[in-house]
Amino acid sequence: MTTLALDLDGTLIDCRARQVAVAVHVAGPLDEDAFWSAKRSGATTADALAAQGANDPAAIAAAWMEQVEEERWLVLDRPLPGAAEALASVRAGGLAPVVLTARRHADRVRRQVRRLGLDVDRVAVVAPADAVAGKAHELARLGARGMIGDSETDLRAAVQAGVAFEAVGTGQRDPDFLRRHGAGAVHAALPEAVSAVMAALPHAT
C-alpha cells in the first residue's frame with residue numbers, strides 16, 4: 001500500500017497552547033496572540049520575541065527550543081478538529097497515513113502520537129536543522145503519493161521529492177504566508193486537504 005504523509009504540528013495537532021506556554025515560561029508575560037500571529041506570519045521565535053521588546057531574544061529563543069519538546073509541555077497538544085475523520089478518509093482512499101515531522105526527540109513524538117490516538121501506520125521523524133532535505137528523503141523512502149502540511153518547509157520538501165502537496169492554514173503559517181511561498185490553495189481544515197489529495201489521485205491503491 002502506498003502512503004500519504006502528514007505533518008504533525010499544526011496539521012494533525014494544535015500546538016499553539018504548547019508553543020505559547022513555553023514562550024511565556026522562558027520570556028515572562030507577553031501578548032500571546034501577537035506572539036502567535038507573528039510566528040504564523042513567518043517570524044522566527046526570536047523575531048517574535050524581539051517584536052515584544054524581549055531582552056536577548058536569541059538566548060530566550062534557544063531556551064524555548066530546549067524546552068518546547070519536553071513532556072510537560074507536549075501534554076498541552078490536542079488533535080485538530082477533523083483529524084480522526086481525515087485519517088480515516090486516507091485509509092478509505094487506499095493510502096496508508098504516515099506522520100512526517102521535524103523534531104529532535106523521535107521517542108517523544110511516537111509516545112505523543114499514541115497518547116493522542118492518531119491512527120497512523122508509521123511515524124517518521126527528521127532533524128529540524130535540515131528539515132527540508134530530511135522530509136524529502138523520507139517522502140521518497142516511504143513511496144509517498146503526497147504530503148499535507150502547514151509550512152513552507154513541508155511545501156519545499158514535497159517539491160524536492162516530486163510529490164503532490166496540499167496546504168492547511170491551521171498551524172504554524174497563516175494562509176497568506178503559505179500562498180506567498182507558492183502553496184496555491186490553502187485549506188481551512190485537514191479533511192478538505194485530504195479530499196483534494198484523493199481527487200488528484202483517483203487510482204491510489
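Being a predicted model, the structure only gives us computed values, none of them experimental.
Val126 has its side chain out of reach of Thr101: every pair of non-hydrogen atoms, C-beta onward, lies at least 4.5 Å apart. Two residues are said to be in side-chain contact when any heavy atoms from C-beta on lie closer than 4.5 Å; Leu74 and Arg115 meet this criterion. Annotation: side chain of Val123 is not in contact with side chain of Val98 (no heavy-atom distance under 4.5 Å). A heavy-atom distance below 4.5 Å is found between the side chains of Ser41 and Asp174. The shortest side-chain heavy-atom distance between Arg78 and Ile13 does not fall under the 4.5 Å cut-off. Within the 4.5 Å cutoff, no side-chain heavy atoms of Asp107 are placed close to those of Val125. No side-chain heavy atom of Leu95 sits less than 4.5 Å from a side-chain heavy atom of Arg91.
With respect to the salt-bridge test (charged N to carboxylate O, under 4.0 angstrom), the residues Lys39 and Asp47 do not qualify. A salt bridge does not link Arg180 with Asp176: none of the charged nitrogens is closer than 4.0 Å to a carboxylate oxygen.
Cluster membership for Val163 and Val197, using ILVMFWY side-chain heavy atoms within less than 4.5 angstrom, is not shared. The hydrophobic clustering, which links ILVMFWY residues whose side-chain heavy atoms are closer than 4.5 Å, places Leu116 and Val120 together. Residues Val68 and Val24 fall within the same hydrophobic cluster, defined by Ile, Leu, Val, Met, Phe, Trp and Tyr side chains chained together at heavy-atom separations under 4.5 Å. With hydrophobic clusters built from ILVMFWY side chains whose heavy atoms lie under 4.5 angstrom apart, Leu100 does not share a cluster with Leu8. In the hydrophobic clustering of this structure, Leu30 groups with Leu76; members are Ile, Leu, Val, Met, Phe, Trp, Tyr whose side-chain heavy atoms approach within less than 4.5 Å, directly or through other members.
In this structure, CZ on Arg173 lies 12.0 Å from CG on Leu155, to the nearest 0.5 angstrom. If you take CG on Asp154 and NE2 on His181, they are separated by 13.0 Å, rounding to the nearest 0.5 Å. Residue Thr3 holds its OG1 atom at 7.5 Å from CG of Leu139, rounded to the nearest 0.5 Å. Rounded to the nearest 0.5 Å, atoms CE (Met198) and OG (Ser89) are 7.5 Å apart. To the nearest 0.5 Å, atoms CG (Leu87) and CG (Leu190) are separated by 7.0 Å. The line from CG of Asp121 to CG of Leu4 is 11.0 Å long, rounded to the nearest 0.5 Å.
Judged by distance alone, with hydrogens and angles left aside, the side-chain atoms of Arg40 form a donor-acceptor pair with the main-chain N or O of Gly169 at under 3.5 Å. Between the side chain of Trp36 and the backbone N or O of Asp31, no donor-acceptor pair lies under 3.5 Å. Under the 3.5 Å distance criterion, the side-chain polar atoms of Arg179 are left unmatched by any main-chain donor or acceptor of Ala185. Thr170 places no side-chain N or O within donor-acceptor distance of the main-chain N or O of Ala189, the cut-off being under 3.5 Å. In this structure, the side chain of Glu192 engages the main chain of Ala188 through a donor-acceptor pair within 3.5 Å. Using a distance-only test at 3.5 Å, with no hydrogens or angles considered, no donor-acceptor pair links the side chain of Thr11 to the main chain of Leu6.
Residues Ala158 and Ala164 come closest through the heavy atom pair CB-O, 4.3 Å. Contact detail for Leu49 and Ala27: the closest heavy-atom pair is CD2-CB, 3.9 Å. Heavy atoms only, all atoms of each residue included: Gly82 and Pro191 are closest at O-CG, 3.6 Å. Contact detail for Ile60 and Ala54: the closest heavy-atom pair is CD1-CB, 4.0 Å. In plain terms, the two heavy atoms of Val168 and Gly10 that are nearest each other are CG2-O, 4.1 Å. When all heavy atoms are compared, the tightest approach of Phe165 to Ile148 is CE1-C, 4.3 Å.
His105 meets the ring-ring contact (aromatic ring centres under 6.0 Å, His included) test with no other residue; sequence neighbours excluded.
Shown here is Asn55, whose CG atom has no more than 12 heavy atoms of other residues, nucleotides or ligands within 6.0 Å.
Pairs passing the salt bridge (charged side-chain N to carboxylate O under 4.0 Å, His left out) check and including a residue from residues 3-28, sequence neighbours excluded, read Asp7-Lys135, Asp9-Arg18, Asp9-Arg103, Arg16-Asp33, Arg18-Asp77. For residues 57-68, the set of pairs meeting the salt bridge (charged side-chain N to carboxylate O under 4.0 Å, His left out) definition, not counting sequence neighbours, comprises Glu66-Arg104.
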If you apply the rule side chain to side chain contact (heavy atoms under 4.5 Å, CB included), what do you find for Met65 with Thr45, and how did you get there?
CA-CA 9 Å; Met65 181 64 72; Thr45 301; over 6 Å; no
Apply side chain to side chain contact (heavy atoms under 4.5 Å, CB included) to Val99 and Arg122, showing your working.
CA-CA 6 Å; Val99 165; Arg122 196 176 308 177; over 6 Å; no
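When only modelled atom types and interatomic distance are considered, Gln112 and Glu71 share no side-chain donor-acceptor pair under 3.5 Å.
Ring to ring, His25 and Trp73 are close: their centroids are under 6.0 angstrom apart.
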